[in-house]
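Everything numeric here is computed off the predicted structure, so don't read it as measured data.
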Amino acid sequence: MAILKSLDYRERWVIYVRSVLLAMLLIMPFAYIQFSQVQAHMEWSYFIMPALASLFVALLLIKIKLLQSDMERKSSLFKAAVDFSLEFTYVRSVKGEYEYVSPAVLEMTGYTQDEFYAKPSFMDSIIHPDDRDLWHGHVHHVNSNGEAENIELRIVTKSGAIRWIQHLCGPVHNKKGKVISIRSTNIDITERRLTDDKLKKMGFYDPLTNLPNRRYISDYLADLILNDHTEEESHEFAVMFLDLNRFKYVNDAHGHTVGDKLLKQVAQRFQNSCMSTNNGVISRFGGDEFVIIKTGDVSVEAIQDCVMQMNQMLEEPFVVQGHNLSVGGSVGVAVYPHDGMDSEILIKNADAAMFQAKNQGLTMKFFSQEMAEHASNMVGLQTQLKNALHDGLIQPHYQPLVDMKTGQTIGVEVLARWINVDGSQAPSPGVFIPVSEETGLIWSLSEVMISQAGRQIKKWQEQGINMKYSINVSARQFADDNFCNQAINQFKRLGVDSSSVQIELTETVLLNNIERSIEKIHQLKAEGFSIALDDFGTGFASLHYLTQFPLDTLKVDRAFVVNILEDKRQYAIARSIINLAHDLDLVVVAEGIETEEQRQLLADLGCDIGQGYLFSRPVAPEKISLSHIGGPDSYIPFGAVIQ
């Protein structure tokens with residue numbers, strides 16, 4: 001009935017009539033010959049059985065023709081649907097011969113239908129080499145088990161292009177359930193895969209260098225650790241945290257565009273270093289920091305050799321927009337499982353080792369437990385410092401500045417001191433100041449000190465005492481583009497005249513970005529601030545820079561004062577600095593004077609101002625005597641300095 005319903009009325013009657021006529025044409029002539037010629041006797045009744053036989057044969061023919069017509073109709077419908085489909089469809093036998101190939105094969109593969117028909121299993125020859133194992137396993141599984149599958153793989157077109165296809169494949173069974181053919185539909189998913197790959201790359205790769213990023217390296221480490229846990233034998237690997245040296249100077253001197261191009265070239269060299277896809281991976285962790293994972297040989301010698309190779313490549317000059325640039329690297333190393341059992345701890349420990357290497361001027365340093373303890377102490381001290389700032393335990397103390405000729409106290413330097421109210425020992429400035437700079441608390445500390453010292457200076461001014469004070473500014477503060485405006489506005493809010501403020505800067509602060517430093521100094525001096533160069537002679541500044549920076553005061557570091565009487569070289573250096581400063585019309589301040597002999601010698605050399613324990617230790621403001629202003633024992637606040 002289903003067959004009859006699939007055919008229209010006229011088509012069915014044509015099949016009936018033709019089948020009956022064909023059956024009668026096949027049987028009736030033989031019956032006539034039999035009765036008329038062979039038996040020589042014929043009666044119409046003799047034709048009853050041949051007529052019935054003809055009817056039976058006609059019914060069989062009708063059935064066959066109906067089935068044939070239905071199959072032809074379904075085949076036409078199938079071809080009509082598939083031939084015009086954009087998907088490449090085929091039907092093949094289990095042996096590989098193609099029974100049907102849709103016209104879309106040409107658009108997708110570049111090959112014609114005839115090329116498929118002419119060669120059994122032609123599809124095998126266009127599978128991408130990297131996907132052939134997947135393909136052969138799939139074909140064997142479908143042919144043997146007769147189960148449908150859906151896989152994604154690449155093909156190589158006739159023109160050599162690579163395209164991704166979604167291959168939907170399933171068996172065709174006969175009535176007995178035996179697999180007789182394989183049908184397949186292939187959908188071009190190249191654009192989708194490219195989009196997916198692009199999104200994946202955006203999530204796991206650094207867009208500037210195309211190196212794996214922080215997220216990738218974290219997942220990669222997690223997989224290494226997980227695989228190690230599932231295997232019987234433990235495997236070591238090294239996490240190397242590398243920070244570029246001198247990269248900040250490149251950015252400051254030549255701009256971020258040159259810096260970005262330099263990072264690209266650094267990444268390219270890294271990819272050709274001791275690392276390879278077989279024994280490690282290199283990632284850009286952020287900024288000028290890179291994390292390198294080294295598997296395989298992680299002996300001390302192998303790691304040292306690897307670091308040496310990378311540094312040799314970094315030291316070889318890079319040419320970026322006509323500039324010859326060279327950067328080295330400081331590397332910290334943590335080894336799994338000795339230095340950590342998860343990715344976060346390993347990277348943190350390698351970073352701590354790198355920080356120690358950079359501070360000590362070393363190329364490389366392995367992580368040690370002492371570093372972990374130091375880091376833990378730093379975290380604890382940071383918390384204590386936050387609480388101390390909140391509770392007002394950080395207070396300004398004042399140390400006199402004395403005229404070396406008259407002995408008159410002409411000012412003070414205000415130093416930050418941590419005072420515990422219970423009398424317990426508080427961290428010294430040499431401990432908590434570096435912590436404040438490293439953790440970013442220097443801004444809060446500076447604001448507290450300026451606020452307290454500013455109010456004290458304002459109070460003295462209201463008493464009719466004219467004073468000046470200075471502020472030592474850290475490299476981190478001065479590098480901030482908003483520093484000048486913030487400092488100017490803060491003093492204005494306090495009601496302190498900027499002409500009474502002297503800002504002290506070290507060589508390191510100034511040399512971070514010479515051109516920008518000069519701009520900032522001019523901006524501050526335009527507001528009335530004076531500028532002092534602190535700790536002169538302990539850095540690596542060229543004397544040429546003294547002519548570039550518009551300075552007012554030069555401070556001789558205590559290192560040239562301590563043994564000035566016994567060491568002729570220190571004496572010669574101190575004398576040269578004093579003479580140089582005077583030739584440049586700068587006021588000279590000598591720090592760290594502890595004996596009368598040192599004071600007398602420096603005075604004979606022409607030093608203008610002295611500072612040190614000989615005159616006074618830093619004291620709280622209520623202990624400063626203002627009763628003998630201008631006298632040899634009087635303390636007149638000259639400045640507020642955070643150090």
Side-chain angles (χ1 to χ4, degrees), residues 203-206 209 211-229 234-245 247-248 263 266 270 275 279-295 298-300 302-304 306-307 310-311 328-386 431-432 434-442 476:
F204 290 94
Y205 286 82
D206 173 54
T209 63
L211 291 177
N213 61 13
R214 181 181 301 200
R215 180 180 175 187
Y216 180 101
I217 208 68
S218 180
D219 290 350
Y220 180 83
L221 279 172
D223 289 341
L224 281 180
I225 295 170
L226 179 62
N227 291 337
D228 183 69
H229 289 167
S234 180
H235 297 282
E236 294 181 327
F237 59 84
V239 178
M240 296 183 281
F241 198 105
L242 183 147
D243 182 83
L244 296 180
N245 299 329
F247 179 76
K248 185 179 185 303
L263 284 175
V266 168
F270 275 159
M275 296 290 101
N279 65 2
V281 62
I282 298 177
S283 69
R284 184 188 180 200
F285 201 68
D288 60 343
E289 298 173 336
F290 298 82
V291 170
I292 301 114
I293 310 301
K294 187 181 189 309
T295 56
V298 293
S299 63
V300 173
I303 294 174
Q304 288 176 335
C306 182
V307 172
M310 288 190 292
N311 262 297
S330 299
V331 181
V333 183
V335 179
Y336 171 87
H338 314 293
D339 300 328
M341 296 293 290
D342 65 57
S343 58
E344 184 176 353
I345 291 177
L346 286 167
I347 293 175
K348 177 177 69 68
N349 290 344
D351 185 15
M354 182 278 297
F355 184 79
Q356 291 290 328
K358 187 174 283 288
N359 278 349
Q360 297 174 19
L362 302 175
T363 300
M364 182 189 71
K365 197 169 186 67
F366 284 86
F367 174 77
S368 65
Q369 192 57 40
E370 289 76 14
M371 294 178 189
E373 293 173 358
H374 173 73
S376 178
N377 292 336
M378 287 285 287
V379 173
L381 189 55
Q382 178 183 2
T383 302
Q384 294 178 41
L385 181 56
K386 284 183 178 179
V431 173
F432 72 79
V435 171
S436 70
E437 292 181 339
E438 185 176 338
T439 60
L441 289 174
I442 187 66
R476 184 165 184 173

Quiz item: Is the backbone of L224 close enough, under 3.5 Å, to the side chain of D228 for a donor and an acceptor to pair up by distance?
Solution: no
Quiz item: What closest approach, in Å, do F270 and I282 show between heavy atoms, and which atom pair accounts for it?
Solution: O-CD1, 3.2 Å
Exercise. Kindly compute the distance separating NZ (K386) from CG (L441), expressed to the nearest 0.5 Å.
Key: 6.0 Å
Practice problem: Sequence neighbours left out, what passes side chain to side chain contact (heavy atoms under 4.5 Å, CB included) with A222? Give chain and number order. | Solution: none
Quiz item: side chain to side chain contact (heavy atoms under 4.5 Å, CB included) with F366: which of V300, D339, V331?
Solution: V300
Quiz item: Out of curiosity, T209 OG1 to F290 CZ, how far, rounded to the nearest 0.5 Å?
Solution: 6.0 Å
Quiz item: Which value, rounded to the nearest 0.5 Å, describes the distance between C306 atom SG and M240 atom CE?
Solution: 4.0 Å
Quiz item: Any idea which heavy atoms bring S218 and S343 closest together, and the distance?
Solution: OG-OG, 3.8 Å
Practice problem: First locate atom NE2 of H338, then atom CG of N349, and finally report the distance between them rounded to the nearest 0.5 Å. | Solution: 13.5 Å
Practice problem: Could you tell me the separation between the CD1 atom of I347 and the CE atom of M354, rounded to the nearest 0.5 Å? | Solution: 12.5 Å
Quiz item: With under 30° as parallel and over 60° as perpendicular, where do the rings of Y216 and Y205 fit, or are they tilted in between?
Solution: tilted
Quiz item: Do Y336 and I345 touch side chain to side chain, with heavy atoms closer than 4.5 Å?
Solution: no
Quiz item: Short question: side chain of D206, backbone of L211 - any donor-acceptor pair under 3.5 Å?
Solution: no
Quiz item: Is the backbone N or O of F285 less than 3.5 Å from a side-chain atom of R214, with the two atoms forming a donor-acceptor pair by type?
Solution: yes
Practice problem: To the nearest 0.5 angstrom, please state how far the CD atom of E289 sits from the OG atom of S283. | Solution: 10.5 Å
Exercise. Compare every heavy atom of L263 with every heavy atom of R284, then report the nearest pair and how far apart it is.
Key: NH2-CD1, 3.4 Å
Self-check item: Under the salt bridge (Lys or Arg N to Asp or Glu O under 4.0 Å) test, residues paired with D243 that sit two or more places apart
Solution: K358
Quiz prompt | Given I217, V333, L221, the one that forms side chain to side chain contact (heavy atoms under 4.5 Å, CB included) with V239 | solution = L221
Practice problem: Grab the two heavy atoms, one from L346 and one from G340, that are nearest each other, plus how far apart they are. | Solution: CD2-O, 3.6 Å
